[in-house]
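First up is the structure itself, then whatever we jot down about it.
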Amino acid sequence: MKLSLVFAFLLTAALYASAGFGGGSTYTALLAVSGASFYVIPIVSLLCNICVVTGNSIRYFKAKLISLSDIWPLFVLSIPAAFLGGRLNVPEALFIGLLCVALFIAGGRMVLSQTEAHDASQGLRNNPVICALIGGAIGFYSGIVGIGGGIFLAPVLYKLRWGRAQEIAAACSMFILVNSMSGLGGQIMKALELDHLPEILPYTPLIIAVIVGGTIGNIISIRFLKPKYLRRITGMLILAVAIRLVIKWVGLMAIYMA
């Protein structure tokens with residue numbers, strides 16, 4: 001286990017925890033670039049996600065920013081869909097391709113997004129059918145790739161004028177937590193069937209690193225840069241990793257097409 005990878009996970013956890021997210025897409029990308037088995041990547045990434053976002057969710061609950069009566073429609077289909085996505089055995093080329101899409105969306109959003117605030121009464125919070133369908137679609141995609149799905153849900157909720165910025169961050173935090181748990185269940189069952197579960201043990205230091213990093217992000221937040229600059233720097237790093245993964249994806253596709 002390279003020390004640089006451990007440090008990268010710690011830094012990623014601190015950055016994402018300070019913004020209310022788990023960092024699953026970046027953990028997954030870092031593991032893929034490092035050459036980890038794509039059967040192991042989603043499990044390690046989801047475990048790290050859960051460790052980081054649990055603290056965020058507790059913080060939002062204490063601040064009374066999470067209302068189960070408001071967020072349950074987002075979960076009703078996403079939880080089973082994330083499990084099914086995690087159980088699905090996809091080719092490595094498809095896995096890397098889907099991950100690249102997730103990274104470009106996440107990185108682009110961080111680089112270009114502006115802070116927004118909306119009145120929930122003007123939005124679609126009270127339309128449980130639409131919220132359930134959105135949650136189910138995002139949950140299934142996230143389960144396949146091994147992320148929590150917050151990077152997809154947040155911009156959708158902003159577009160739908162679901163609520164204020166803090167409420168959306170809180171909803172996404174809970175969404176990441178429950179879908180990471182559900183997706184992890186599916187991924188573990190798949191790994192057991194394919195006898196890949198023992199391969200996870202060498203990555204234990206990464207889980208410890210994100211617990212430390214997530215705690216740092218939650219306690220001190222990141223005070224050395226303004227949030228908008230922090231988002232943009234993180235987004236550019238994600239896009240750089242995404243470009244490296246595209247190169248890997250092209251190589252896999254060349255082998256597949258040969």
Side-chain angles (χ1 to χ4, degrees), residues 8-9 12-13 15-17 19-34 36-54 56-57 74-75 77-90 92 94-110 134-157 169 171-188 190-191 200 203 206-207 210 213-214 234-235 237-239 241-242 245-246 249:
F9 267 61
T12 298
L15 291 172
Y16 276 86
F21 290 93
S25 58
T26 304
Y27 304 138
T28 304
L30 290 169
L31 288 168
V33 170
S34 73
S37 166
F38 84 103
Y39 289 107
V40 172
I41 290 172
I43 297 177
V44 176
S45 178
L46 289 170
L47 283 170
C48 291
N49 233 13
I50 292 168
C51 290
V52 174
V53 84
T54 297
N56 295 335
S57 299
L74 296 171
F75 303 151
L77 292 181
S78 73
I79 293 174
F83 180 82
L84 291 174
R87 289 280 290 132
L88 196 62
N89 188 15
V90 299
E92 185 177 6
L94 178 58
F95 174 81
I96 297 296
L98 292 173
L99 177 57
C100 287
V101 172
L103 288 172
F104 278 115
I105 291 174
R109 179 175 176 269
M110 286 188 169
I134 291 170
I138 294 175
F140 184 69
Y141 189 105
S142 301
I144 295 174
V145 180
I147 61 177
I151 58 171
F152 297 115
L153 183 64
V156 172
L157 294 186
C172 288
S173 182
M174 278 298 299
F175 188 84
I176 293 168
L177 179 59
V178 297
N179 283 290
S180 292
M181 290 178 174
S182 181
L184 179 63
Q187 292 286 351
I188 287 177
K190 179 172 65 179
I200 298 169
Y203 296 93
L206 299 180
I207 297 172
V210 299
T234 306
L237 291 174
I238 292 173
L239 291 175
V241 175
L245 276 183
V246 167
W249 177 77

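FYI, the numbering just counts along the sequence from 1.
Panel note: side chain Ser45, backbone Tyr27; no donor-acceptor pair is recorded below 3.5 Å. Checking side-chain atoms of Ser142 against main-chain N and O of Ile138 turns up a donor-acceptor pair under 3.5 Å. Using a distance-only test at 3.5 Å, with no hydrogens or angles considered, a donor-acceptor pair links the side chain of Thr28 to the main chain of Gly24. At least one donor-acceptor pair under 3.5 Å links the side chain of Thr54 to the backbone N or O of Ile50. Side chain of Ser182 to backbone of Asn179: no donor-acceptor contact under 3.5 angstrom is found.
Considering only heavy atoms from C-beta on, Ser78 comes within 4.5 Å of Phe75 through its side chain. At least one side-chain heavy atom of Ile134 sits less than 4.5 Å from a side-chain heavy atom of Leu153. Counting only heavy atoms from C-beta outward, the side chains of Ile43 and Tyr203 never approach each other to under 4.5 Å. Annotation: side chain of Cys51 is not in contact with side chain of Leu47 (no heavy-atom distance under 4.5 Å). Ser57 places a side-chain heavy atom less than 4.5 Å from the side chain of Leu177. When side chains are defined from C-beta on, Leu31 counts as touching Leu206, because their heavy atoms get closer than 4.5 Å. Contact of the Tyr16 side chain with the Ser25 side chain is registered, since non-hydrogen atoms from C-beta on lie closer than 4.5 Å.
Nearest heavy-atom pair across Ala32 and Leu99 is CB-CD2, 4.3 Å. In terms of heavy atoms, Ala81 sits closest to Gly136 at CB-O, 3.3 Å. The shortest non-hydrogen separation linking Ile96 to Trp249 is CG2-CB, 3.7 Å. Between Ala13 and Val52, the shortest heavy-atom distance links the atoms CB-CG2, 3.7 Å. Counting all heavy atoms, side chain and backbone alike, Ala242 lies closest to Cys100 at O-SG, 4.2 Å.
Using the six-membered ring where Trp is involved, Phe38 and Phe95 have ring planes that are tilted, between 30° and 60° apart.
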Problem set entry | Test side chain to side chain contact (heavy atoms under 4.5 Å, CB included) applied to Cys48 and Val44, step by step | CA-CA 6 Å; Cys48 291; Val44 176; 4.3 Å; yes
For this session: Would you sort out whether Leu88 and Phe140 count as a side chain to side chain contact (heavy atoms under 4.5 Å, CB included), showing the intermediate values?
Result: CA-CA 10 Å; Leu88 196 62; Phe140 184 69; 4.1 Å; yes
Problem set entry | Chi angles and distances behind the side chain to side chain contact (heavy atoms under 4.5 Å, CB included) call for Asn89, Tyr39 | CA-CA 9 Å; Asn89 188 15; Tyr39 289 107; 3.5 Å; yes
Exercise. Between Leu239 and Leu103, is a side chain to side chain contact (heavy atoms under 4.5 Å, CB included) present by the stated rule, with each step listed?
Worked result: CA-CA 7 Å; Leu239 291 175; Leu103 288 172; over 6 Å; no
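Atom-to-atom distance recorded for Phe152:CZ and Ile176:CD1 is 11.5 Å, nearest 0.5 angstrom. Rounded to the nearest 0.5 Å, atoms OG1 (Thr26) and CG (Leu15) are 9.0 Å apart. Within the model, atoms CD1 of Ile79 and CG of Leu74 stand 10.5 Å from one another, a figure rounded to the nearest 0.5 Å. Interatomic distance, CD1 of Ile144 versus CD of Gln187, reported as 9.0 Å (0.5 Å rounding). Expressed to the nearest 0.5 Å, how far CG of Leu30 lies from CG of Leu245 amounts to 9.0 Å.
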